[in-house]
Amino acid sequence: MCGIVGYVGNKDSLSIIIKGLKRLEYRGYDSSGVAISDGNTTRFCKSKGKINKLEKKLKKIKDISGPIGIGHTRWATHGEPSDINAHPHMSNSGKLLLVHNGIIENYNTLKEKLINEGFSFVSETDTEVLVNLIEFVKQSEKLKLGEAVQIALRQVIGAYAICVMDYDRPNELVVAKLGSPLCIGMGKNEFYIASDVSPFIEFTKKVVYLKDGELAIIRNHKPTIFRKISDNSKVLPTISRLELSLEKIEKKGYKHFMLKEIYEQPKAIRDTLRGRLNIKKGIVKLSGMDEYMDKFINCKKLTIIACGTSWHSALAGEYMFEKIAKVSVEVEYASEFRYRDPVIDKNDIVIAISQSGETADTLAAIKLAKQKGAYVYGICNVVGSSIARESDSGSYTHAGPEIGVASTKAFTTQMTILYLMAIKLAKIRGVISKKSFINYLHEISAIENKIKIALKNDNLVKKVSKKYMNSKNCLYLGRGYNFPIALEGALKLKEISYIHAEGYPAAEMKHGPIALIDKDMPTVVIATNKINYDKIVSNIQEIKSRKGKIIAIVSKGDKEVKKIADDVIEVPECIESITPFITVIPLQLMSYHIAVMLGKNVDQPRNLAKSVTVE
Ligand code: AGP
């Protein structure tokens, strides 16, 4: 996953591109580069490290300005982060410059072919092979850039979102997409190209989401040409109107995007419920589900596929569907599902969950499920994303842009959609009464306020975090609905503070993990459960008797756990199935505060990127 930006118009493209790249840094940030043309000369600059490193280098280059340009911020897949491997990549003639997000799977074969044709390479990247393949086609078949890109891409296997410029055609950019996101901001006599809308949101609200297999030739003061790569047939683009505002994207006064997004969860859940929940009429409206309701009513099993935090929301969904709708559920890591030859067919429903809608493993798992005839329901946070488009139908979480690499509001809004699906299905299948159904609707509509109450404990969480910030390891325990939350809390801590953490079902302690307990091992125990509260209390006692420290998440008014835990954080009382939405809040805040106290880069943790569009 990388971020690409391009501009064709009448302003100076450099400042637009640099600002745009900064907004895309969450997609990858180990190196970056730009190429700018003034119509006569094209200058370019690349640098290892973040965009600010590139800016320092640019200050030393004279006259790098002009009305057309491309830029790239990278997350390495082929070739380590370096100036040479940074994009844009230049063809052997020096005339073509290309930025790319994706992976060319057959780049070795293509590279050998090009070397035999006399081409040479300076970088280790698949992208440099692509730009020279385009040059080879252009030269050997005497084509213009657009046609050459089209023909070259027909030889490519893999995923790409590319933006190409040609020294000999200084007023034109050619873009193409397959498997990686690319959108075009349609301004007034100016065009913005980007991996998502954040680089141009303040300049235009009109956007075209390029579809897989499409190419566009974007020119100054001339209509853009949209084509299908496969057969050069004309494409009539759909122009969507953006609802996002720039203000949404900025940090709104929070120190980090992650903290802003933790605090945005009440609103994100409200926005996700909007238009879908009508308590008075006793209605849950999910159009993506309604149009395939016959499949849901008759399904024997649901398979949910996802990665990372989205996999944790899937696990919470398993408890919701099984306990409320009495439907059997299997939760699968998409990366395993795609290579396991799963036993599914046209009678199966596969639910795919993804914040970015671009996770390569999840996308591949969807394609496999569809090849086997299954119906795929997508739950995504990015409108027009690849997974959203690949799914047969689905629901968008309306969490708004989630910039922090550590997923928070996407997680709770994913669980919101799953909860709505479970109670809707339970009602239609007649496994719950109308009264229970209405009660569930009241409970889900009350989540927003319960999260707001849980957020009020932020200072207490910060105080507790300070006590444990120097731990080397941490255990997270939960039961039932809160087992997925234990896993999620552990993931949050490790991915932004780099402290090793593991989540377990609480009852598993006696099967091994309890051997880890000593005075240096803090254990976070989610102890809000009513059903097996006494068992959780005895888990805590077992840990205490081995000098382990306990941080307990308890329901307001708890008596027992408070007596024995070292630190207690209360969350509002609620029914069992709603607890995951609430108990995750202090765990998100704790991981955030510890990471900040340790001086970590909270929004862009090392080795991670927001959207894992590679295997
Ligand atoms: C979670 O905090 C991580 N950023 C990561 O595990 C993420 O959830 C995973 O990569 C899946 O991403 P997706 O939801 O965009 O598919």
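For ligands, and for the atoms within them, numbers begin at 1 and follow the listed sequence. All values below were derived from every heavy atom in this structure, side-chain atoms included, with hydrogens, water molecules and symmetry-related copies excluded. Sequence positions, counted from 1, serve as the residue numbers for this chain.
An N or O contact shorter than 3.5 Å links E495 to ligand 1 by distance. Considering backbone and side-chain N/O atoms, V405 comes within less than 3.5 Å of an N/O atom of ligand 1.
Checked by atom type and distance alone, the side chain of S82 pairs as donor or acceptor with a backbone atom of N85 at under 3.5 Å.
In the vicinity of S407, heavy-atom distances shorter than 4.0 Å reach the ligand 1 atoms 1 (C), 2 (O). Atoms of ligand 1 found under 4.0 Å from any heavy atom of S354, numbered from 1 in the order shown, are 13 (P), 14 (O), 15 (O), 16 (O). Atoms of ligand 1 lying under 4.0 Å from at least one heavy atom of A406, given by number and element, are 2 (O). Those atoms of ligand 1 with a heavy atom of Q355 less than 4.0 angstrom away are 13 (P), 14 (O), 15 (O), 16 (O).
In summary, the aromatic rings of Y263 and Y254 are positioned with their centroids under 6.0 Å apart.
Using a 4.0 angstrom heavy-atom cutoff, S611 does not count as in contact with ligand 1. Heavy-atom distances between K492 and ligand 1 reach below 4.0 Å in at least one pair.
K494 has no carboxylate O lying under 4.0 Å from a charged side-chain N of E502, or vice versa, which leaves the two without a salt bridge. Using a cut-off of 4.0 Å between Lys/Arg side-chain N and Asp/Glu carboxylate O, E402 and K409 are scored as not salt-bridged. Ion pairing between a basic and an acidic side chain is recognised when a charged N comes within 4.0 Å of a carboxylate O; K323 and E576 show no such pairing.
Ranking protein heavy atoms by distance to atom 12 (O) of ligand 1, first place goes to T359 OG1, 3.5 Å. The nearest protein atom to atom 10 (O) of ligand 1, hydrogens excluded, is given as V612 CG2, 3.9 Å; this is a heavy-atom distance. Here the heavy atom of the protein found nearest to atom 11 (C) of ligand 1 is C307 O, 3.4 Å. When hydrogens are left out, the protein atom nearest atom 1 (C) of ligand 1 is T309 OG1, 3.0 Å; that is the closest non-hydrogen contact. Nearest protein heavy-atom neighbour of atom 14 (O) of ligand 1: S310 OG, 2.6 Å. Looking only at protein heavy atoms, the nearest one to atom 6 (O) of ligand 1 is G308 CA, 3.2 Å.
Side chains of S386 and E358: a donor on one and an acceptor on the other come within 3.5 Å. At a cut-off of 3.5 Å, with distance as the only test, a side-chain donor of N473 or H500 sits close to an acceptor on the other residue. Between S310 and Q355, the side chains place no donor N or O within less than 3.5 Å of an acceptor N or O (distance only, hydrogens not considered).
Looking at E358 against ligand 1, nothing comes within 4.0 Å, counting heavy atoms.
Other residues, nucleotides and ligands contribute only 12 or fewer heavy atoms inside 6.0 Å of the NZ atom of K48.
Distance CD1/I585 to CD1/I451: 4.5 Å, rounded to 0.5 Å.
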